[in-house]
Structure formats: C-alpha cells, structure tokens
Amino acid sequence: MAQIPEKPSLDGLEQRWSEIWEEQGTYRFDRTRTRAEIFSIDTPPPTVSGSLHMGSAFGYVQTDAIARYQRMRGRHVFYPMGWDDNGLPTERRVQNFYGVRCEPHLPYDPGFVAPDKPGKDVVSISRPNFLELCDRLVAEDEAAFEELWRRLGLSVDWSLTYTTIGPGARRTSQRAFLRNLARGEAYQADAPTLWDVDYRTAVAQAELEDREMPGAYHALHFHRADGSGDVIIDTTRPELLAACVAVVAHPDDDRFRPLFGTDVVTPLYGVRVPVVSHHLADPEKGTGIAMICTFGDTTDVVWWRELQLPTRAVLGIDGRFKAEPPDVIAGTGAIAYADIAGRTAKQAQKIIVEQLRSSGELDGDPRPITHPVKFYEKGERPLEIVTSRQWYLRNGGRDLELRAELLGLGKELEWHPENMRVRYESWLDGLNSDWLVSRQRYFGVPFPIWYRLDGEGNARYGELLLAADESLPVDPSTDCPPGFVEAQRDMPGGFTADPDVMDTWATSSLTPQIVTGWVDDPDLFERTFPMDLRPQGPEIIRTWLFDTVVRARLEHGALPWTDTTINGWVLDPDRKKMSKSKGNVVTPMPLVEEYGADALRYWACNGRPGVDTAVDFGIMKVGRKLAIKILNASKFVLGVAGDAADEIAAVSTPLDRSMLLALASLVDDATTAFEGFDYARCLEHTERFFWSFCDDYVELVKSRAYGDADDAVVKSAAVTLRVALATLLRLFAPVLPYVSEEVWSWWRDGSIHRSDWPSGRELRIGGADPLVYEVAADVLGQVRKVKSTMQVSLAAPVQNVCVIDTPARLDALAAARADVCDAGKIAELDTEPGSVASVRVELAAPSGDS
RNA sequence: GGGCGUUUAGCUCAGUCGGUAGAGCACCUGCCUUACAAGCAGGGGGUCGGCGGUUCGAGCCCGCCAGCGCCCACCA
C-alpha cells in the first residue's frame, strides 16, 4: 500500500500516471482474446494538419470514457488511434508552411532543402519532393496530437497507431479498390463533374456545400429563328452564353408550348438552338424559360443527359474561358468571343454584359439577387462543371437496389442518439450520383492502375493494367505494371500511369479494415471485425460514416460496426460555432495546464451525448473542485478506516446498510446509462451521490469511525466507508482517470482501470431500509439549518431536538440515533409521531466565554 | 421547400411511469467544524417560449405558432 499524502494534490498526476500506464501496458490490447471478449472501437483519425481545438478533445474524451467503462466491464478493448494525414488539408498546409507548390512534371531533386519559412515567391518542386515535405510535416503534427491525447488520458493502445497515408492504409485502399473493380463496383467515366478551379480537381457530392451568394438576373434577348420576335430569358450566368445548347420550358407551359420544336438564335453569337421541354423547368422562375449551357449547374447536366443535347464546353480546368469558341460560333460571334477568351468567369461576365448592352440584347439592367451557389467545402470560388475522365464507386446514387440495402443497414445500425439516423437517411435519399473517388491531387493513395498506350502514344483507357495483389501498395508513377519495364513508361506501345489519387474518404472509409488487419492479419481481423463502435462527429455522417457503410457492404455484405455514437458540436464560450476565421478557436492544451486533464474531461463528459456544448471554464473549474474533493475525501476515509478488510458482512448498522442500498441503486443506474453509451448520466448521478456521501454520510459516521477499531459498529463504519469509496472511485474512473487512479494506488494493487466495474448486487444487504440514510440526513440538515440561521458554528452544541414525523420515519431515525446525535452535537433527541413533519431545535446555552 | 433538434432560475444545464419545479455557477448571509477555506452550512431567485387540446392532474402526451441551431434539397 502506498503512502497517503499529507496534502493530496493534483499536481503531477498526469505526468506520473501516463508514464506508469505506458510502462505497465495498462491499455495494451490482448490479441489472444476471442471476438466475444473484445470491444473494438473504430476511432476517428483526426485530421492532423488542422489545428488542435476543443472539438479535438471533446468527442475523443467521451469515447474514451466509454472505452474505459467497457474495459472495466471485462471487455478487452481494441482501441487503436489513427492520424488522417492523407489529402488536401495536408497539401495546403505544406504549401503554406514552406511556400512551395507541387509541379508533377518536375524531376525529383534529391538535394532539395525546404525553406524554413515561405519565401517571397512560391517554389515549384517535384511530386516526390512535395510528398517528402508532406511526410515530414505530418510527423510533427502527429506528435503534437499524440501529446495532447496522452495528456488527456485517452486509453488507446499506442502500439496500434496508423496513418491514412501509411503503407497499411495504402495497401488496404488499393486492394479494396481492385476488388471493387473486379466486381464491377468501380468504373471510370468521361463525364461532366463538379470541379474546383483553384485546386484543379474533381470533387464529390459529399464535399459540396451551398453558400448564399450575390448574383443577378440578366434578361437576354433570344431571337425566334423565323424572325417573329424575341424570347426573353433570365440567366444569372450570361457569360456562359457561348455554351448554350438549347432553351427549355416546362411541357405544360402554354406560353412556350408553340415554340417547342422550333429554334431560337442566341444573342451575340447568332447560334441556332432548339426550344425543348422538360419537367424540371420551372415556370415560376425567371421568365419561365431557361437557357441550357454545358455546363452552368447540375440541372444543366440533367437536361443535357436526358435530352441528349450536344456539348459546347467553354471553361477549361483552370476556370478560364478556352482560347477558341465552340465550333458553331463563327464570324462576328467568334470576334465577340475573343474578348472573353482566357478570362475568368467573373471577368467574362462583365464583358458579356457590356457586349449585350451595345448590341441591344440585354433587356433592362441586371437585377441583383442572392442565391445558393455550390462550393467545394474547402474551396474559395464557385464550382464549375467540367467534363473529365474520373473513377466512380457505386454507392446507391444511381442503383435503387443498392440504395435500399444501404437504407436497411442504416436501420440495422444502432445510433446514439437515435435521431442521428435521419441524417444518414436524408443523405442517402438525396444522392444523385455515384461516388466520384478520383482526385487530381498528389498526397493521397494512387490508383494501382496503368493504361496501355497505342502506337501513337495515346492511352487506351479500356485496357487497364492492374497491380498484382501481392505487390501492393504500388505507386504507378514510379512502379511498373506486371510484365513491363520502366523504359516503356509513356512510350508508344508501352504504358502510362493513372495520374490520380483517391479521395481521402476512399481511404478513411476503410478504417475498420485498416485497423483490424483485413489485408494482412486474418487472425486479428477475425477477432475484431465487425467492430463494435464507431464514434464520430455529426458533420461527417454523409462522408465518413456513410462511405464506411458502403465499403463494408460492398466488401463484406455487412455493417462494419453494430453501434455508432455521434458527438455534439463544440461551441465557443459565447455559443457561436468555433471557426478559425472568427478567431474564437480555443485550444485545449493551455486549459489542461490550468484546470487539469480530469477537469477538461469532466467538462467534455458533462456534455450530453450528441448535444452541442459550449466551452465553459466554469464547468472545468467545477471538475477541478470535484477532483480535489475526491482526493480529500479519500484521504479522510482511508485515514479513519485504517486497514479494515473489505468484508461486507461486517456492515452491521442500519445506517451503513441503508447508505449502501442507495449506492447500489446508483451503481445500477450508472451501469444502465453506460450500457446505453451515456457517460454523462453516469457522471451526473455519481457526482450527486458523492457530494451527499461526503456531506451527509461521512459527517454522520465520522465520530463513530474514530472509535475503537475492534468495536463492531466502528468496524461497520470503516468497512462501509471503504466499500463506498472503492465503488464511487470506480464509477468516476471512466471520466476522471487520473484522480481515481491516484487514490486507488493509495490502498489497492493494480490499476483501477483494470479493476471490475462495481455491481449493485454486492452492496445490497438483507434487511436494509432506504429510509434510515434519508431521514438521518434530513434531520442533520434541519439541525444545520438552525445553526446557520442562528449564525453559530456547526460545532455548536444542541440541547434538544424534537422530531415530529410518521412512525416509519421515526423508526428509521431511531436506527441511526447515535450517529445523528454525534454529528449534530445533540444532547437530547426526542421524537413524536405526527402527520405534519417538523424538527424543533433548541441550542445549548452559550458557555459564556468565547 | 422538406426534416431533425432545442426553448426550464441571471448563466450553463438536469428533470427516463403524467403526481407538490431541481443542480452547479453567480449573488447574499454565516461558519476556521480533528479530510478539504481551492472548504462547510444556509438563503433569495422560475407563468418550464406562446396558444389550444387530452387528463382528476401536463415541464413531460397531442396540435398549431414563434425564436435559435443543424441536416437535406435539381432554385435558371
């Protein structure tokens, strides 16, 4: 047994216990266990290139409390930690941190030294050099995250870390992709895709967000081909006029019905385009007739596809107008187009408006409006739609049968809180395309694919050259396809690498397979998959959660886990959403320094499951006070209760038994709460009980406990105090791992975090009466109230107390009579049966001297 | 436009069978009491967002409305 400190303190606990936990492998996973004995958690790999913020601490602490509970319940917790370093956020961070840009055509420079800080000019570097910088920076970021996680006491097995760009993740991603391809679940298509003109990459539906943007309706004069007049068409994007391939109205719209099947002529360019009908055309919008461009928005794509219209693309992948207009534009039209060639959409719009004004084909002035515009969630300019060759993965976006199955899996999954399921369902409901998984970026998992080149050096996209399974992971830009040699790269008759990398979610959606060893550890896989729990944030249900279900359905035909907990969002102290641009981001480490890890955890676990929670220093302060109280109360209990053995049979007095009965109810309630992943309820109820335990029970038995240890009633108090302390500490342990471990170490061997979760049954002793503790505490409270009102010390003696109450309560009081009198310094205690409960307190006369 | 959630004390929030409104913080008044003054005891403070309904009885169940937050959506 360790020494109980004279003056217990929280200082240094975190340092000391993290080291001991690490040394002793307290949270080490035992992989010899069977699936039924294991609780496996698919922890979110945090985006390491982002800053550490309170959100990074909030959800992870809640999950850790659940992990700790499961561990104490006897489950062998499989709790790995990953780092999401793959993808655009890292690329951006590297670009900004070093002031570099990746230029894939440049050769590798082995002597390249990265600048310490960005120079005046952006330095262009090769893809391999760029990737080296990515690797270097994420290593630093990962170290910072690990430090915070360890400090916060996350009970992960640090020997089981992974990164989403690491070899295991690359191998898993590539293998899964090749298997998707073999089963026809992955395919490539040359089709219009949403495109970010700054990052020059395709983006998926899941990465879109609408932003309310100013715009304007421009009323354009289209001319009837038969010369019978003009048709006015409203558009917010007049600059795309050159890409117009038709105009469209609703089939039932009588205003335009006569025009269907005829042609109109576009302003400025004089191009004849047909008037077509489609049910998506909204008679209420604009003038009721719209121009269809390839492509102004996603509705254009639908019209283009369903009405089989020609393609007249005008925007390049850089978001600028192409040098040459579509073929149908010639003569004066081509001259007009020359003014916008090479311009951005914004610049071109101004020019077009001037041109339309001069030609008299603009009806009135543009009318400003605000309207939702699609953006890449990390992007700065509106998305354009560009036709390009991309890889897709089937996700139910265009396959009703698969969609129904995914819906079924969503219903099968246990959601906590339950109502989060609707987000999954409404996302699935709104899916309108398969998952675009290729990105024209660099720091990601490459597709393990090459293409045959024909005699003229053109890629034959139908002739895929696939990497062999055992060769994974491969980088097709440096590795050769089976049967080829490097000299044949990009040579006629040879091969060329697929240049793209996978969407970061294409890797993240495989975290269950990555951590459980699907590719190269079948033994581990069998013991841990399907997993038990996916904890995550609400904002990535449509990406991470949904995609993971899709991949598991495609690969295993089953859910990847049985349960998911969706944590709430962290708001800043003023209850605003935290964001870097608002400058209101709070970082956790200084708060850990100030209040302690347990206090920060207390704050996080005070937030109800799934409920948005504001950063609240007051709550952290309360958590710190609680931790200190636990130290002090434990010091007292262990000091006064000596070395009493924990024989519950020695608990003999009615008050002790009554308190243990109440404690048993608490344990049952806490257990039920945790079984439902409700750490907050367990904490709240345990905390409430603990304070009353300190204020009432401890005060009631204090003087008895100081007595002769051989006396049966003294021993009863000692044993009860110890049993209750041991129970309460274990209920606190999932939330307050440091202080509970510290106190545990004063009198117990082994880690509290490896001890058994308490059971209510053991605390129920036959014949215990719940009223005894209740009435004793009530009477003591009444006595205190009088002393407080009279402004005398609580130590002041009381001459007489008369309690009037029901016979049952008076009986209960009688059973605790001695303790109540001792605690209240009461000389005489009288009782009187009565229907109206009251307590009369008569203080002893002052002794005269002070 | 559709949906989910939320609204309870000055603040942050509990309130799980429908049965006399709770906690912490803050504020006020006391108290050095042999674990803890980083403590303890006590006190004031609420038309439970609004309206209507069901019920002997509604913070809780039902309907409508409003504010706030979020999710989804093919708005030229």
Side-chain angles (χ1 to χ4, degrees), chain A residues 4 7-10 210 215 217-218 233-237 240 247-248 278-282 284-293 296-303 369 371-373 417-432 538-539 541-542 568-569 571 573 575-577 603 606-608 610-614 616-619 621-622 624-640 669 672-673 676 678 680-681 684-685 687-688 691 694-695 698-699 702-703 706 780-781 783-796 823 825:
Chain A
I4 300 172
K7 184 105 177 118
S9 156
L10 298 175
D210 282 352
Y217 275 127
H218 302 72
I233 296 182
D234 272 336
T235 178
T236 54
R237 302 208 59 187
L240 292 180
V247 300
V248 64
H278 192 276
H279 67 275
L280 284 184
D282 182 353
E284 304 293 315
K285 206 149 288 169
T287 57
I289 184 164
M291 71 175 191
I292 303 176
C293 302
D297 62 27
T298 50
T299 317
D300 282 341
V301 178
V302 174
W303 283 325
I369 55 162
H371 60 158
V373 176
E418 225 247 326
N419 62 300
M420 289 293 178
R421 178 186 283 112
V422 302
R423 300 200 184 196
Y424 174 96
E425 291 176 350
S426 59
W427 170 249
L428 190 56
D429 190 48
L431 265 189
N432 55 28
E539 76 284 8
I541 290 174
R542 68 175 180 174
W569 198 257
L571 308 171
R575 300 202 61 72
K576 296 272 172 8
K577 197 167 162 178
W603 163 76
N606 227 328
R608 259 46 206 180
V611 174
D612 294 350
T613 301
D616 188 333
F617 308 119
I619 304 271
K621 230 177 267 182
V622 172
R624 183 172 178 84
K625 271 169 57 177
L626 173 62
I628 291 170
K629 185 79 173 177
I630 290 172
L631 287 177
N632 285 317
S634 302
K635 179 193 157 197
F636 169 75
V637 166
L638 295 177
V640 79
D669 182 76
T672 305
D678 193 348
R681 186 182 167 90
E684 183 198 348
H685 289 206
E687 186 187 9
R688 190 189 305 154
W691 284 103
C694 291
D695 297 343
V698 168
E699 293 304 324
K702 194 182 258 179
S703 64
Y706 277 124
L780 181 59
V783 173
R784 283 176 184 149
K785 183 169 179 169
V786 170
K787 290 181 179 176
S788 188
T789 309
M790 302 301 288
Q791 305 199 345
V792 301
S793 161
L794 291 179
K825 312 262 190 249

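We name chains A, B, ... by the order of the sequence lines, and we start the count at 1 in each one. Model, not experiment: these values are computed from the prediction.
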Rounded distance (Å) that lies between atom [atom2] of [N] and atom [atom1] of [X]:
X	N	atom1	atom2	answer
Leu631(A)	G39(B)	CG	P	13 Å
Asp300(A)	C74(B)	CG	C1'	11 Å
Glu539(A)	G69(B)	CD	C1'	15 Å
Lys621(A)	U12(B)	NZ	P	16 Å
Trp603(A)	U12(B)	CH2	P	15 Å
Glu687(A)	C13(B)	CD	P	16 Å
Arg688(A)	A23(B)	CZ	P	10 Å
Arg608(A)	G5(B)	CZ	C1'	16 Å

Name the pairing partner of [N], where a pair is Watson-Crick or G-U wobble with both distances under 3.5 Å, or state none.
N	result
G69(B)	C4(B)
U34(B)	none
G45(B)	none
U20(B)	none
G59(B)	none

Go through the steps to decide whether Glu684(A) and Arg608(A) satisfy the test salt bridge (charged side-chain N to carboxylate O under 4.0 Å, His left out), and finish with yes or no. CA-CA 10 Å; Glu684(A) 183 198 348; Arg608(A) 259 46 206 180; 2.5 Å; yes
Earlier contact from the 5' end, RNA chain B, for Leu794(A) and Asp297(A):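 So the residue in question is Leu794(A).
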For Ser426(A) and Met420(A), find the nucleotide of RNA chain B closest to each by heavy atoms; which residue's nucleotide sits nearer the 5' end?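 Upstream on the strand: Met420(A).
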Taking the side chain of [X] as its heavy atoms from C-beta onward, which of [options] lies nearest to it?
X	options	result
Trp427(A)	G42(B), C72(B), C31(B)	C72(B)
Arg423(A)	C36(B), A76(B), C70(B)	C70(B)
Trp691(A)	C40(B), C4(B), A76(B)	C40(B)
Ile628(A)	G5(B), C40(B), A38(B)	A38(B)
Lys285(A)	C4(B), A38(B), C75(B)	C75(B)
Thr298(A)	C74(B), G42(B), C70(B)	C74(B)
Asp616(A)	U12(B), G42(B), C75(B)	U12(B)
Asp210(A)	U12(B), A73(B), C25(B)	A73(B)
Asp695(A)	A41(B), A76(B), C36(B)	A41(B)
Asn632(A)	A38(B), C36(B), A76(B)	C36(B)

Distance, [atom1] atom - from [M] to [N], rounded to whole angstrom:
N	M	atom1	answer
G57(B)	G52(B)	P	16 Å
U7(B)	C65(B)	C1'	14 Å
U54(B)	G18(B)	C1'	12 Å
C28(B)	C4(B)	C1'	43 Å
G15(B)	A9(B)	C1'	14 Å
G1(B)	A73(B)	C1'	8 Å
A58(B)	U8(B)	C1'	14 Å
C51(B)	A38(B)	P	48 Å

Which part of the nucleic acid, if any, lies within reach of [X] when heavy atoms closer than 4.0 Å are counted: base, sugar-phosphate only, or nothing?
X	value
Pro372(A)	base
Gly676(A)	nothing
Cys293(A)	nothing

Distance in Å, Asn432(A) CG paired with Thr298(A) OG1, rounded so as to fall on 0.5 Å steps: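 That separation rounds to 7.0 Å.
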Look up atom CZ in Phe636(A) and atom CD1 in Ile4(A), then write down how far apart they are to the nearest 0.5 Å.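 One finds 11.5 Å between CZ of Phe636(A) and CD1 of Ile4(A).
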Would you indicate whether the side-chain heavy atoms of [Y] and [X] approach each other to under 4.5 Å?
X	Y	answer
Thr789(A)	Val786(A)	no
Leu631(A)	Leu10(A)	yes
Arg237(A)	Cys293(A)	no
Glu699(A)	Leu794(A)	no
Arg423(A)	Trp427(A)	no

Side-chain N or O of [X] versus OP1/OP2 of [N]: is the shortest distance under 4.0 Å?
X	N	answer
Asn432(A)	C74(B)	yes
Arg542(A)	C71(B)	no
Lys787(A)	U33(B)	no
Lys625(A)	C36(B)	no
Lys629(A)	G39(B)	no

Shortest non-hydrogen contact from Tyr217(A) to Ile369(A)?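 Here Tyr217(A) and Ile369(A) meet closest at CD1-CG2, 3.8 Å.
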Assigned glycosidic conformation for C17(B) [threshold 90° from 0]: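 Here C17(B) takes the syn form, which means its glycosidic angle is within 90° of 0.
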